[in-house]
Each structure stands twice: as C-alpha cells, then as structure tokens.
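Remarks on the structure that follows.
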Amino acid sequence: MGQSLVEIAQTLKDADKKAQLIYAFNGSGKTRLSREFKELISPKEIDEEQQEETGIKILYYNAFTEDLFYWDNDLESDFDRKLKIHQNSFTNWVLRVQGQDRNIVDNFQKLTNDKLTPQFNQDFTEVRFSFERGNDNESEFIKISKGEESCFIWSIFFSLIAQVVSVLNVAEKEHRETDQYDRLEYIFIDDPVSSLDDSHLIELAVNIAELIKSSTSDLKFVITTHNPLFYNILFNEFNGVKKTKKWLLEKQRDGTFSINELKNDSPFSYHLFLLSELEKAIQPSGEIKKYHFNFLRNILEKTSTFLGYNKWEELLPQESREAYYKRIINLSSHSKHNGDEISIVEENDKRVLSFLVGELKRMYGFK
C-alpha cells in the first residue's frame, strides 16, 4: 500500500539513523520529500525570528537553495556580469561571520576549473567570475554555465556544513564558537550536483561521506540522489558504518509513494533495476514513456563499457543499427522541461523499444 510523502518523511525521522541514503528516479518526489521532511522537523509556523531565539533544527540543500542566487547580466554595458546573493542567516554566517570565502573558492575550483575564479564583493552580496590569465591584463567578468553555477552554490553549502560539523564536534557547548547550531538535528542533501563528470562526482561523494563519518555529535544526515554512480560510491563508503540506512524511493501509478530498505551487501545493481523497469513498461499492462529510452541508453552504455566496446551503438542489432541509434538519441535526450520527459511516445517507437529490450536480453545474456 502506497504512502504519502508526509508518511515517508515520518519513517525517515523514526529511523533515527546517523545517515540515510535514498535512491530515486527523477520525478519520484525527492525535492518534495525534502520539503515535507523540513516541515516535519521545523514547521513553517516557526518564523525566522523564533529560530534565532530557539536555534535552527534543520539545514537542507535542494533545488530551492539555488533561489538564493540570481544573475545581474549588466544588459546595458554587457560587461559587469555578477551573481547576486540573497542574504539570510545561513549565507551571513558562512560568508560574513566565518569568512569561508577562501574554502568556497577552493571547493568550487576542485569541481570545475582551477583558473575559474569567483570574486566576492566586500559585503558578500554578489560574486563575479573570471578566468585567471597569469598576467596583469584585466580579466573580463563572465556568466558561468548553469552547471558551474550549481557547483558554486553547492560549494557554499558544503563549506557551511563542514563548519557546522566542526562546531558541533566540540562536546562542551560552552566552548563552541557559536550556539546557533546547538539544536540542529538534521542536514538534508537532495541531489547536490548532477552536472559533474564521473571523476569529480566520485570526489564529491567521498568528501560528503568523509564529512559525515567525521561528525561525532548527534547530527543526522539524509541524502537523496537519482545518480547511480553517486549512490554507489556513498553506498560503499557507508558499508560497515553503524547507524546508516539505504532506501529506494518509488512513485506509484496512483500518485502515492513507497520506500523500501536496501539490505544487500553489494552496491545497488542499477542497470538490472532499469531493465526490470523496461520489462514492466513493455508489458500489455505497462505504459511506455519517453524516459524509458533513456533507461535503454543507460543500460547500453554500461554494457558496452563492461564488454569493451568503444561505442554503445555497436551493441544494437546490425540490421537498421543507424536508424535505431538515431531514434534512441532523439528520444533519450534530456529536456529542460519535465513535461517533455513524460510526453506521449508514438506506437512505432513503442514497438522499437520492445524489440530492442528483447534483443538486448537475448544477445547479451541478461536474465
């Protein structure tokens, strides 16, 4: 029987674990779950003034965190482009009080480019970006990509939680540099950075795991992700660590949700799970969506790497290989709009998907 996200949030709270890792496909409600969990721990009725008096109970990073940052593109002169920072108690503490700007820059450059340099203004209300030239020539301020912007925002949040862990690791409260986080119970991290290449994503996952394992206070962490590599690295990092739980979050057809604990000792077999989802979709009772072609492409990519092929399209049936390849590329391409990801698939494309799933299982021994 399906549950609401409120009920699942309560399940996570009742689990009372140091770290909980949740895998879910995009569109399965991860961000909404983070909001419901935040509301459960710290209801909206408690305003910011009350929080300052009683202490913050939860910090969370999700898609809404990026709303604290917005661009001034200098449309008039097209030169002084800058990212504006909406000030709140979190950004004020990590930037103004703690002076973490150097750590933020270091973390950002590790994830992007060591020449791409953020420059904060004096009151930390805006930041400009430029490439170091290695000479005295003045650098032009640039507008960074959306992926680089996400890395920058994550770098600020990571610097914040690293400092929070350091503060709370001091057992005697009277010896802590601030009492602002004495009542902090949870840090909720929803899909930190999904635009990274594999090597940087691995580094990010390891850094998060090391930070959590270094926490000696009662602080608890919940991490959600749709990225299989990120999930597997964290899964391995938390193996053998007491008071951790791994979950699979799924959205049901009736709009409810389910969450099930993953207890196997090996990492989550993501490609096999995708194949099972495809098998369900191509059944007469199933429903094929555009994103199922992305599942197929993902399986082909992983299988080709495992078998030593240079290109995943080499795994497709030789007859009409080019046509199959172009169709998968077209239908598996990511869209900026969620509505496009679940658009109706033509009947001919449904037949193609069913045929290719069958051929994949037959030719490469999937069971």
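This structure is a prediction, so every number in the text was calculated from the model and none was measured.
- Atoms CD1 and NE2, from Ile22 and His226 in turn, are 15.0 Å apart once rounded to the nearest 0.5 Å.
- Note on Arg321 versus Glu314: no salt bridge recorded, every NZ/NE/NH1/NH2 to OD/OE distance being 4.0 Å or above.
- The hydrophobic cluster containing Tyr70 does not contain Val127, counting ILVMFWY residues as joined when their side-chain heavy atoms lie under 4.5 angstrom apart, directly or transitively.
- By the rule that hydrophobic residues join a cluster once side-chain heavy atoms approach within less than 4.5 Å of another member, Tyr324 and Phe295 end up as members of one cluster.
- With hydrogens and angles left out, the side-chain atoms of Gln252 and Ser258 include a donor and acceptor closer than 3.5 Å.
- Salt-bridge formation is detected for the pair Arg102/Asp106: a Lys NZ or Arg NE/NH1/NH2 atom is positioned less than 4.0 Å from an Asp or Glu carboxylate oxygen.
- The two residues Asp182 and Thr178 make their nearest non-hydrogen contact at OD1-O, 4.0 Å.
- The distance from atom CZ of Phe131 to atom CD1 of Ile144, rounded to the nearest 0.5 Å, is 9.5 Å.
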Please step through side-chain contact (heavy atoms from CB on, under 4.5 Å) for the pair Phe124 and Asp101, ending with a clear verdict.
-> CA-CA 9 Å; Phe124 297 103; Asp101 51 307; 3.9 Å; yes

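- For the pair Ser28 (side chain) and Ala24 (backbone), a donor-acceptor distance under 3.5 Å is absent.
- Expressed to the nearest 0.5 Å, how far CG of Asn294 lies from CZ of Phe25 amounts to 10.0 Å.
- No hydrogens or angles considered: a donor-acceptor pair under 3.5 Å links the side chains of Gln10 and Asp14.
- A distance-only check finds a donor-acceptor pair linking the side chain of Asn207 to the backbone of Glu203 [under 3.5 Å].
- Look at Glu301 and Arg297 and you find a salt bridge, because one of the NZ, NE, NH1 or NH2 atoms lies within 4.0 Å of a carboxylate O, short of that distance.
- No hydrogens or angles considered: nothing links the side chains of Thr125 and Gln87 as a donor-acceptor pair under 3.5 Å.
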Audit row: Glu140, Arg81, side-chain contact (heavy atoms from CB on, under 4.5 Å) steps and yes/no = CA-CA 9 Å; Glu140 178 184 2; Arg81 306 172 191 90; 3.4 Å; yes

Check the pair Arg128, Glu126 against salt bridge (Lys or Arg N to Asp or Glu O under 4.0 Å), reporting the backbone distance first and the verdict last.
-> CA-CA 7 Å; Arg128 295 168 173 82; Glu126 56 193 36; 3.2 Å; yes

May I have the step-by-step check of ring-ring contact (aromatic ring centres under 6.0 Å, His included) for Phe221 and Tyr186, ending in yes or no?
-> CA-CA 6 Å; Phe221 298 81; Tyr186 287 94; 9.2 Å; no

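- By the neighbour-count criterion of 12 heavy atoms within 6.0 Å, atom NZ of Lys213 is densely surrounded, having more than that number from other residues, nucleotides or ligands.
- No side-chain N or O of Asp190 forms a donor-acceptor pair with one of Ser34 less than 3.5 Å apart.
- Taking all atoms of both residues into account, the shortest heavy-atom contact from Ile58 to Leu184 is N-CD1, 3.5 Å.
- Side-chain N/O atoms of Asn121 and Asp123 include a donor and acceptor closer than 3.5 Å.
- Judged purely by atom type and a 3.5 angstrom limit, Glu148 uses its side chain to pair as donor or acceptor with the backbone of Ser145.
- Residues Ile259 and Leu12 meet the side-chain proximity criterion, which asks for heavy atoms closer than 4.5 Å.
- Side chains of Leu68 and Ile85 form no contact here, defined as non-hydrogen atoms less than 4.5 Å apart.
- To the nearest 0.5 Å, atoms CG (Leu111) and SG (Cys151) are separated by 5.0 Å.
- Under a 3.5 Å cut-off, the side chain of Ser354 and the backbone N or O of Lys350 do form a donor-acceptor pair.
- Atom CD of Gln318 sits in a sparse spot, with 12 or fewer heavy atoms from other residues, nucleotides or ligands closer than 6.0 Å.
- With respect to Lys82 and Asp80, a salt bridge is recorded, a charged nitrogen being found less than 4.0 Å from a carboxylate O.
- Checked against the 6.0 Å centroid criterion, the rings of Tyr61 and Trp154 qualify as a close aromatic pair.
- Hydrophobic clustering (ILVMFWY, side-chain heavy atoms < 4.5 Å, transitive): Tyr325 and Leu353 are in one cluster.
- Between Leu315 atom CG and Glu313 atom CD the span is 9.5 Å, to the nearest 0.5 Å.
- In this structure, a donor-acceptor pair under 3.5 Å is present between the side chains of Gln119 and Ser130.
- Enclosure of atom NZ in Lys84 by more than 12 non-hydrogen atoms of other residues, nucleotides or ligands within 6.0 angstrom is indicated.
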Please lay out, stage by stage, how Phe293 and Ile329 fare under the test side-chain contact (heavy atoms from CB on, under 4.5 Å).
-> CA-CA 8 Å; Phe293 284 85; Ile329 286 290; over 6 Å; no

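- In the displayed structure, Asp218 atom CG is contacted under 6.0 Å by at most 12 heavy atoms of other residues, nucleotides or ligands.
- From Leu296, atom CG reaches atom CG of Leu360 across 6.5 Å, with rounding to the nearest 0.5 Å.
- The aromatic ring centroids of Phe141 and Phe129 lie 6.0 Å or more from each other.
- Between Val167 and Glu177, some side-chain heavy-atom pair lies under the 4.5 Å cut-off.
- Both tests do not hold together for Lys38 against Tyr60: distance to the six-membered ring centre under 6.0 Å, angle to the ring axis within 45°.
- The cluster map of Ile, Leu, Val, Met, Phe, Trp and Tyr, joined by side-chain heavy atoms under 4.5 Å apart, puts Tyr181 and Val170 in different clusters.
- Put simply, the side chain of Asn107 does not reach to within 4.5 Å of the side chain of Ile156, judged on heavy atoms.
- By the 4.0 Å N-to-carboxylate-O rule, Glu66 lies close enough to Lys146 to be salt-bridged with it.
- Side-chain contact annotation: Ser276 with Glu279, donor-acceptor N/O pair under 3.5 Å absent.
- Ser214 contributes a side-chain N or O that, together with a main-chain N or O of Leu211, makes up a donor-acceptor pair within less than 3.5 Å.
- Residues Phe355 and Glu359 have side chains in contact (heavy-atom distance under 4.5 Å, counting atoms from C-beta outward).
- Under the 4.0 Å criterion applied to side-chain N and carboxylate O atoms, Asp179 and Lys173 are not assigned as salt-bridge partners.
- A donor-acceptor contact closer than 3.5 angstrom is absent between the side chains of Lys220 and Ser215.
- Note: Phe235 and Tyr231 have tilted aromatic rings, judged against thresholds of 30 and 60 degrees for the angle between ring planes.
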Would Thr11 and Gln3 count as a side-chain contact (heavy atoms from CB on, under 4.5 Å) if you check the C-alpha gap in whole Å, the side-chain angles of each, and the deciding distance to 0.1 Å?
-> CA-CA 10 Å; Thr11 297; Gln3 297 176 284; 4.0 Å; yes

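- Looking at heavy atoms from C-beta onward, Pro317 lies in side-chain contact with Leu356 at the 4.5 angstrom threshold.
- Side chains of Thr256 and Ser4 form no contact here, defined as non-hydrogen atoms less than 4.5 Å apart.
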What's the verdict on side chain to side chain donor-acceptor pair (under 3.5 Å) for Asp191 and Thr225, showing C-alpha distance, side-chain angles and the deciding distance?
-> CA-CA 5 Å; Asp191 262 339; Thr225 183; 3.0 Å; yes

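- Between Lys289 and Glu287 there is a salt bridge, since a side-chain N of the basic residue sits under 4.0 Å from a carboxylate O of the acidic one.
- In the hydrophobic clustering of ILVMFWY residues, with side-chain heavy atoms under 4.5 Å counting as a link, Trp247 and Val6 come out apart.
- Using a 4.5 Å heavy-atom cutoff, the side chains of Thr224 and Asn62 are not in contact.
- Between Phe152 and Phe69, the ring planes are perpendicular. Angles over 60° get that label, and only those under 30° would be called parallel.
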